[in-house]
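The block underneath contains the structure these notes are about, expressed in structure tokens.
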Amino acid sequence: MGSLQIFISAAALLVLVLAAIDGAQANTMVSGTVFCDQCKDGERSLFDYPIYGIKVQVACSDSNGQVTLSREETTNWFGNYAVQFDGTPDLSGCYAKVLSSGQGSCGIPAGPAQSLKLVFRMFDMGMYAVDSLLTQPAQPMSFCPKSSNPVPAPVTPAPPRQVTPASPPPFRLPPIAPLPPMPHLPPLPPLPPLPPMPPVPFLELTACPHQSWTRPEYKCYWRAVSPDTKVAVVFGLLAAKRYGTDLTLRQGLQGRGEPYRTLLREGITAFLNSYNSLQFPYNTIAVVQHMNSGLMGSERNVLYTALRFIRANSGYGKVTCKFTACK
């Protein structure tokens, strides 16, 4: 068994041991994203983007329609919101909807409320996900495609068909004798096989651990952010409160020996892997969302989130890191 598998097994055992400790506070998390529907077509498209400052309500109602449980939260710079409930209530019959908007131009709530979907419930913790909520501008943007169901143009009656006088029968050439059959040509030799296409790095499945991202010969793989980018800029206000506003991504990759430092190290690694490979298990928004959910929970939730990132960054034991030294 490799050292990485031993570390993952030990981390899993640690999570199970912490699950048995009494006195840990149970909590339930509801998370989702709000998008600006720029084309006002009522659905997600390439033109839509996550929107900041939108107030979202998560509510539950009884059989008479009376609200029995309600929480509100505002979206962050990535359009994400995370609402926390004490304990582990059953939220399967609850819903999330847009209450009001921020100060931007895309501020009209649109679309129906979305029901909550249970992702997991374990260790006295629960997590629910919500399909995307939408807001809209007053008018669709000028670059949006036109409606796929345009209003049909008025039908004009066809002009009356004119009757032409009879014409003489057409002139026909006499039939031509058939040509003799062509001689059989020898078969062409088979074409040589084409050389294999080189892999496209961004489309290739790869997952690299945090040690690879700190090596100077791989610095060209830092595409979307630089090593000196602040942790608070990438992960938002919760990360700024926990780690401060001056900590950089390079410094965060050195963290170890403490649950919150381990979570930050593996969260940064997952963020970089998500930009480096389209086939990475978490996209960029999902990495930020899981990072903030972990920070809002208990220390046991921090360790559980860090373990999930560690497994993804190690390729689940099946995918290797395909970095090559930068030129």
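Please read all numbers here as calculations on a predicted model, not as lab measurements.
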From CA spacing to verdict: side-chain contact (heavy atoms from CB on, under 4.5 Å), Glu266, Asn313: CA-CA 8 Å; Glu266 298 303 326; Asn313 294 330; 2.9 Å; yes
Verdict with supporting geometry, Cys94 and Tyr128, side-chain contact (heavy atoms from CB on, under 4.5 Å): CA-CA 10 Å; Cys94 304; Tyr128 290 80; over 6 Å; no
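Tyr243 places none of its side-chain heavy atoms less than 4.5 Å from the side chain of Phe235. Counting only heavy atoms from C-beta outward, the side chains of Ser61 and Tyr95 approach each other to under 4.5 Å. Using a 4.5 Å heavy-atom cutoff, the side chains of Tyr81 and Asn292 are not in contact. At a threshold of 4.5 Å between non-hydrogen side-chain atoms, the residues Leu247 and Leu264 count as touching. In this structure, the side chains of Tyr52 and Thr74 stay at 4.5 Å or more apart for every pair of heavy atoms. Between Phe78 and Gln289 there is no side-chain heavy-atom pair separated by less than 4.5 Å. Considering only heavy atoms from C-beta on, Asn273 comes within 4.5 Å of Cys208 through its side chain. Side chains of Ile54 and Thr135 form a contact here, defined as non-hydrogen atoms less than 4.5 Å apart.
Remark: the backbone N or O of Gln136 is not paired with any side-chain donor or acceptor of Asp37 at under 3.5 angstrom. Looking only at distances, no side-chain donor or acceptor of Trp213 sits under 3.5 Å from a matching main-chain atom of Pro227. Within the 3.5 Å criterion, the main-chain N or O of Ala138 finds a donor-acceptor partner in the side chain of Lys40. Remark: side-chain polar atoms of Arg256 are paired, donor with acceptor, to backbone N or O of Gln254 under 3.5 angstrom. Under a 3.5 Å cut-off, the side chain of Thr75 and the backbone N or O of Ile51 do form a donor-acceptor pair. A donor-acceptor pair is defined here as one N or O able to donate and one able to accept, closer than 3.5 Å; no such pair exists between the side chain of Asp131 and the backbone of Ser115. In this structure a side-chain-to-backbone donor-acceptor pair under 3.5 Å is missing from Asn301 to Ser298.
The CE atom of Met296 sits 9.5 Å away from atom OG of Ser31, with the distance rounded to the nearest 0.5 Å. The distance from the CZ atom of Arg261 to the CG atom of Leu263 is 13.0 Å, given to the nearest 0.5 Å. Atom CG of Leu249 and atom CG of Leu272 lie 6.5 Å apart (nearest 0.5 Å). Within the model, atoms SG of Cys144 and CG of Asp41 stand 7.5 Å from one another, a figure rounded to the nearest 0.5 Å. With rounding to the nearest 0.5 Å, the separation of OG1 in Thr206 from CZ in Phe323 is 6.0 Å. With rounding to the nearest 0.5 Å, the separation of OG in Ser293 from CE in Met125 is 11.0 Å.
No more than 12 heavy-atom neighbours from other residues, nucleotides or ligands sit within 6.0 angstrom of CH2 on Trp77. Within 6.0 Å of NZ in Lys322 there are more than 12 heavy atoms belonging to other residues, nucleotides or ligands. Atom CD of Gln139 is surrounded by 12 or fewer heavy atoms from other residues, nucleotides or ligands within 6.0 Å.
Closest of all the heavy-atom pairs between Arg71 and Phe85 is CG-CE2, 3.2 Å. Nearest heavy-atom pair, Thr245 versus Ala240, reported as atom, atom and distance to 0.1 Å: CG2-CB, 4.2 Å. Of all heavy-atom pairs spanning Gln251 and Thr248, the tightest one is OE1-N, 3.1 Å. In this structure, Ala207 and Ala312 approach most closely via the heavy-atom pair CB-O, 3.5 Å. Gly294 and Thr305 get closest at one heavy-atom pair: CA-OG1, 3.7 Å. Considering every non-hydrogen atom in both Glu299 and Pro259, the closest pair reads OE2-CG, 3.6 Å.
The aromatic ring centroids of Tyr282 and Phe309 lie less than 6.0 Å from each other.
Pairs of residues two or more places apart, or lying in two chains, that qualify as side chain to side chain donor-acceptor pair (under 3.5 Å) and include a residue from residues 224-237 are Ser226-Thr229, Asp228-Arg250.
Each of Phe271 and Ile285 belongs to its own hydrophobic cluster when Ile, Leu, Val, Met, Phe, Trp and Tyr are linked at side-chain heavy-atom distances under 4.5 angstrom. Cluster annotation: Leu116 and Phe35 are assigned to distinct hydrophobic clusters (Ile/Leu/Val/Met/Phe/Trp/Tyr, side-chain heavy-atom contacts under 4.5 Å, transitive). In this structure, Val233 is not a member of the same hydrophobic cluster as Met291, with clusters built from ILVMFWY side-chain heavy atoms closer than 4.5 Å. Leu134 and Val130 sit in two unconnected hydrophobic clusters of ILVMFWY residues. Membership requires side-chain heavy atoms under 4.5 Å apart, directly or through other members.
In this structure, the salt bridge (Lys or Arg N to Asp or Glu O under 4.0 Å) partners of Glu217, at least two apart in sequence or on a different chain, are Arg215.
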Listing, residues 63-70 side-chain donor-acceptor contacts under 3.5 Å, not counting sequence neighbours, or none:
unit_1, atom_1, unit_2, atom_2, d
Thr68, OG1, Cys60, O, 3.3
Ser70, OG, Gln57, NE2, 3.0

